[in-house]
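Since the model is a prediction, treat every value here as computed from it, not as a measurement. Lettering of chains follows the sequences in order, A, B, ..., and the numbering in each one begins at 1.
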Amino acid sequence: MNTNATTGVDGTSFLTACLTDKEVEQAGEAMHDLLCRLFPICRSISGPGVRETLKQIAGVVPLAITELPTGTPVFDWTIPREWSIDEAYIEHENGTRYVDFQENNLHVVSYSKPVDQWMALDELMPRLHSLPNHPDWIPYRTTYYKEDWGFCVSEQVKRRLPAGRYHVVIRSRLYDGSLTIGEHLHAGQTDDEVLVFSHTCHPSLANDNLSGVVVAAWLAAFLVGRVTRYSYRFVFAPATIGSIAWLSQHEDRLHKIRHGLVLAMLGDDGPLRYQRTCGGNAIIDRAAAAVLRHYPSSEMLAFAPWGFDERQFNSVGFRLPVGRLTRALSGHYPQEHTSADAPTAVLPSALGEAWRACLRIFEVVELDRRFDNLAPKGEPQLGRRGLYRQTGGHYDGVPERTLALLWLLNQCDGSKTLLDVAEHALLDFQLVAHCARELEQAGLLTPAA
Amino acid sequence: MNTNATTGVDGTSFLTACLTDKEVEQAGEAMHDLLCRLFPICRSISGPGVRETLKQIAGVVPLAITELPTGTPVFDWTIPREWSIDEAYIEHENGTRYVDFQENNLHVVSYSKPVDQWMALDELMPRLHSLPNHPDWIPYRTTYYKEDWGFCVSEQVKRRLPAGRYHVVIRSRLYDGSLTIGEHLHAGQTDDEVLVFSHTCHPSLANDNLSGVVVAAWLAAFLVGRVTRYSYRFVFAPATIGSIAWLSQHEDRLHKIRHGLVLAMLGDDGPLRYQRTCGGNAIIDRAAAAVLRHYPSSEMLAFAPWGFDERQFNSVGFRLPVGRLTRALSGHYPQEHTSADAPTAVLPSALGEAWRACLRIFEVVELDRRFDNLAPKGEPQLGRRGLYRQTGGHYDGVPERTLALLWLLNQCDGSKTLLDVAEHALLDFQLVAHCARELEQAGLLTPAA
Amino acid sequence: MNTNATTGVDGTSFLTACLTDKEVEQAGEAMHDLLCRLFPICRSISGPGVRETLKQIAGVVPLAITELPTGTPVFDWTIPREWSIDEAYIEHENGTRYVDFQENNLHVVSYSKPVDQWMALDELMPRLHSLPNHPDWIPYRTTYYKEDWGFCVSEQVKRRLPAGRYHVVIRSRLYDGSLTIGEHLHAGQTDDEVLVFSHTCHPSLANDNLSGVVVAAWLAAFLVGRVTRYSYRFVFAPATIGSIAWLSQHEDRLHKIRHGLVLAMLGDDGPLRYQRTCGGNAIIDRAAAAVLRHYPSSEMLAFAPWGFDERQFNSVGFRLPVGRLTRALSGHYPQEHTSADAPTAVLPSALGEAWRACLRIFEVVELDRRFDNLAPKGEPQLGRRGLYRQTGGHYDGVPERTLALLWLLNQCDGSKTLLDVAEHALLDFQLVAHCARELEQAGLLTPAA
């Protein structure tokens, strides 16, 4: 199909057909640059690392920052103390520093309490997390809700620690502070919202989830200055406690959220995967399906109540139609939550394609609506409107565009949306939307009341 | 199954079980004879050819003729001027007549305006339609709604036209006249109608659609004098504008139409195919499925909004449950809309079988109804009514007739029709209908209120 | 899963997890012993053989006996005369007794009227039923509702009967008496009932249906003294006329029956098979599916209106959700209704497994209920309740128990039952029930109002 349309049915103006491959490639490179800058920051579910991350995102799109004080009840949870860390190391009595937080912020179990003590190797060992199957990778571990401490080290380092006594130091602080959430709102023609959520709590891990964070930022940036039907709300917050906290602060306007996407792990070399909402067939699910069918090897997955923050939005008390776009599947991506999840393993092209796929999903959601056929009795005379060839009798097949026009006329009874028509007729959504616009311009279709 | 029943549940009398293969064969031959007589007539969407065709059909069953004047608005359309043609040819300056309408009425693009002029070969060429892939076939083309003219010729003839000047003559007329529709009504016990539509506008083309026309005529003839529950309305009219015009004239009583069939392309050697109504599971669809399962290679097709006049009946404004019985699929029948669609390619046996299949479909529709079980509490004692063998204990399988009796008793709760039972139990509809009659006669079933 | 739970959600106490394989094996042996004792008794749809059978079952669990007098109308049927038989034989004039009821009670067609006459071989032959394909088996035949008589003999015996005259004697009686039904009620916490039906009318046939009878008796025995939510009603009655008669006597309280099972042919070496109720997806059907998935080669079958007494319970007038648990399929078990259906062909282990499968089905039905999530907004903090590991970051897969907890929290909105959750999440029902109890104990789930 060749559609050069650049405006939506009602004058909106962000059809992705105008995006060139070159622009997508450039966006991918730019997202990867930001990802590399964000990578070294030591994030956790609270603390200065999250604030610094949001500050850098605010260089791409304006962000409103919310600070939720320690102790604030958020549904079944309570905002924990804030955590910050200055240094941490394990030093042998001979002066050799075997593990140093300065080298990699994964080395300290996140939310470790302060430690400064001498201990023997056999006392130290139970405090060391490693991955025997990946001897040169450092794992990522957390202890948010249980006061504890520990180090994460590669199996190689762990094995070659000599006997003797060690000076074990974690100069961290746990103190009454706040949990930080960043938010960007793109105001559309209506108050109905599309929610885009990405979690910001992981330290030096690239695909999980700086990839989601930078794609979200670039989506927000793309929308700036564009006319859309929906408002788009981008939320950058820690996983689990962050989305729960955000929900607790906005209960009175959650009903505005009509569609939502959680973005996570979008930078690896796997195919695009979309996990459906709990209901399984929300408009956002169908929009994602209409888009992903054009991506080789892409997959539509059933909802499951684990994974990322979509499970909070889809919980019994909210049932918000929020799906998740992702590439690697949790549990099938060995690098996940290890030092191997580094910027070098994130492809700029993967970020670019994920970004374009999101825009295409938004586009479907923007264009999808119900139409009434204004000439419902029999077929209208398409020929005199230039929508059908004038010489009859050919039987060399019906052009796809003609099929789309005829299916729209046959199906648009005021109850069917464009997605309904495209799904029923097994036609491409963009083609159907394009033809709906042609029929609307010809006075044969009109948006249903 | 051997059912010698010859009357319906309520005394109707056209069960097809009484039709012998010989009678079907004879009907096929007779239909083919009429088809051969109708073939040479130059039909179009209006004009004397249509009238002559209807006159000959009226030799089989009485027809009421409606003439809709040029200019009459019919929904989004307007009845066009009438077209007639006396002669047309292309003659070289050397006196050789290369193309002559008298030889084949496909030679002139239907609705061509009058022409009488001399032109060079290179001027003439763009006016000549041919089929490079089938060099000895003449295509069929029309220009109903755009004032224009042209000739259709075989590729062979086109290629051997010598240089020079040609006298190009079309002695046609476009004038205020009328569009002609023929109609036959078989009155049944109720006003509820079965509509049978076949298009009459194609000139010398045999399968498309003289095959449909003659089968429709023979169906009407078969019903004469027979008692039926439904009334049957047979409409013979041009494609598209004809069905639209007919609908526009009968809007006030379209609600009487409970089931409908469009008949087209029934004479080729392909299997029987039925295209479902827009809803996809109307009674007529299910009746066709119950019948076609007995025809090897037959197919049930989903509705699609192109094809023949069923798309007018199924349009948003009407949604009449009208399916289509056909053999060759449009787009997969090379002869379609060419001179190769000749009577010699139409098989009398194909016409006969299509005719019998239609009668079987009518029969299902006639017999299908809801029943109440009059002994609903547990199984009634079939043995003392002669419906079950009296010596018990056999386990050499349950006879199919017994299964049908038990399924009817189990399912007939006043909400299920015989089609429901047959489909649910995977049983032949005729067997189920036969057993329903036995149970009715035994006082165990009664038509539901 | 290792669940050592021994009480139901509300304190009921018969979870089958506490049943050891040894206990099941012992139960199988004990059932087979009873089956062997019951085998020689000459049962029919009425008469002393049925009474003797019920008397022996009453040695396992107390039975209430109902006698329905001859002539009592039961829906479309009437209780027939009672039948008893003392002796029967066919003796050649030379004094040789070729057929003797004392040797096998299948020899006489059940309900044969008395006979005492001399007849020639060719007169006798039409009275002899045999199985040419199984020359050494005696068939089983009945003539309950047509006054008649006959003998069943092996094909071998039939063929070697010498010419000559025979003394044919059947010392039977048909007299006003009654039809006998036995019943055992296990009272639960509610009046809602689970019905268990097995037919008691077959004479010396082991799998059909002494196997069903002994399993039913052992189920009843198991429940004695146990607290259950449902009441369990065990009915032992003749096939067809017995279930119809029972239904006719209890119409006013049939609405108490929430689930039901017909037990038949459970002792052969075939896999367990469950025939669904007429509706096809009743709770009992889903409970059976949840249990049978753990049995290799087991099958779930669609309802069909023949087979055993389930068809009476599922008839239009009742539509009680009664399924059937069975092994061999009627019509596919050559021994059915022949002398080859002997105790030696019934496996104690098959009886034991069928018994345990029934208990597991009961257990699902007992435990299945709707729950409300008491912390529905987002995920509750499982970690602080000991339901989730406290150190985060692991990605070595989610434990099945965690999945079950999360699915329950996600799905329990007051409308979903545990079966709903297990089916939706493709999880084992027992695991889901176990986790529901954990969540209930943690104050996160509560039975829905």
In a table with atom names and distances, give each donor-acceptor pair under 3.5 Å that connects a side chain of residues 373-380 of chain B to protein atoms at least two apart or in another chain.
| from | atom 1 | to | atom 2 | distance (Å) |
| --- | --- | --- | --- | --- |
| Asn373(B) | OD1 | Ala375(B) | N | 2.7 |
| Asn373(B) | ND2 | Leu409(B) | O | 2.9 |
| Lys377(B) | NZ | Glu251(C) | OE2 | 2.6 |
| Glu379(B) | OE1 | Arg311(C) | NE | 3.2 |
| Glu379(B) | OE1 | Arg311(C) | NH2 | 3.1 |
| Glu379(B) | OE2 | Arg311(C) | NE | 2.3 |

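A salt bridge is absent between Asp413(B) and Arg370(B); no separation between the charged side-chain nitrogens and carboxylate oxygens falls under 4.0 Å. Salt-bridge annotation for Arg324(C) and Glu310(C): present, with a side-chain N of the basic residue lying under 4.0 Å from a carboxylate O of the acidic one. Here Arg141(C) does not pair with Asp148(C) in a salt bridge; the nearest charged N to carboxylate O distance is not below 4.0 Å. The residues Asp268(C) and Arg327(C) are annotated as not salt-bridged, no charged nitrogen and carboxylate oxygen being separated by less than 4.0 angstrom.
Looking at Ala302(C), neither its backbone nor its side chain comes within 4.5 Å of chain B, counting heavy atoms on both sides. For a residue to count as touching a neighbouring chain, one of its non-hydrogen atoms must lie under 4.5 Å from one of that chain's; by this rule Phe303(C) touches chain B with backbone and side chain alike. Heavy-atom distances place no part of Leu247(C) under 4.5 Å from chain B, backbone and side chain included.
Defined by atom type and a distance below 3.5 Å, a donor-acceptor pair is present between the side-chain atoms of His186(B) and Thr228(B).
Chosen from Pro305(C), Ser315(C), Gly317(C), Ser248(C), the residue pairing most often with chain B at heavy-atom distances under 4.5 Å is Pro305(C). The most heavy-atom pairs under 4.5 Å with chain C, out of Asn410(B), Leu403(B), Asp372(B), Leu406(B), come from Asn410(B).
Taking 4.5 Å as the heavy-atom cut-off, none of the residues of residues 270-279 of chain B approach chain C.
Take Phe313(B) and apply the ring-ring contact (aromatic ring centres under 6.0 Å, His included) test, not counting sequence neighbours, and it matches Phe197(B). Partners of Tyr388(B) under the side-chain contact (heavy atoms from CB on, under 4.5 Å) rule, at least two apart in sequence or in another chain, are Leu382(B), Thr402(B).
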